[in-house]
Amino acid sequence: MLQGSSTLCEPLPAFAMGALLLVLLTRSADFNFNRLMTRWAHKNALAMASGAVLKFLAVMTAIGALLVPVLHPPPGKSEGAF
């Protein structure tokens, strides 16, 4: 063996263990980030859907309020009867 080869091989196990530890920590952090993003996306979609429903109800209420003076009961019916 060469004289300098032992000094080159000594840090290899530490480098390998450090690289493995880095990979494991990165995978764990990535999993937690993905789970957080999934929760955020679900809550965001729910909020957008709720907002769309509330906008639809507000528009329908406004249209109904505008149509009340225009609509008349059919002839022969009193205003309070169904």
Fill in: From Leu57 atom CG to Lys55 atom NZ, the distance as rounded to the nearest 0.5 Å
12.5 Å
Worksheet entry | Hydrophobic cluster (4.5 angstrom, side-chain heavy atoms) - remaining members for Leu20 | Leu24
Worksheet item: Could you give the distance from CZ (Phe31) to CG (Leu36), rounded to the nearest 0.5 Å?
Response: 11.5 Å
Discussion item. Run the side chain to side chain contact (heavy atoms under 4.5 Å, CB included) test against Asn44 and tell me which residues pass, sequence neighbours left out.
Written reply: Trp40, Met48
Item to complete: Specify the closest pair of heavy atoms between Val70 and Leu66, including all atoms of both residues, with the distance to one decimal.
Response: CG2-O, 4.1 Å
Worksheet item: Linking Ile, Leu, Val, Met, Phe, Trp and Tyr by side-chain heavy atoms under 4.5 Å, what else ends up with Leu46?
Response: none
Worksheet, complete the sentence: For Leu21, the other hydrophobic cluster members (4.5 Å side-chain criterion, sorted by chain and number) are Leu25
Fill in: Partners passing side chain to side chain contact (heavy atoms under 4.5 Å, CB included) against Leu67 (at least two apart in sequence or in another chain)
Ile63, Leu71
Item to complete: Identify, with sequence neighbours excluded, every residue that meets side chain to side chain contact (heavy atoms under 4.5 Å, CB included) alongside Arg39.
Response: Arg35
Discussion item. Minimum heavy-atom separation for Pro69 and Ala65, please, with both atom names.
Written reply: CD-O, 3.6 Å
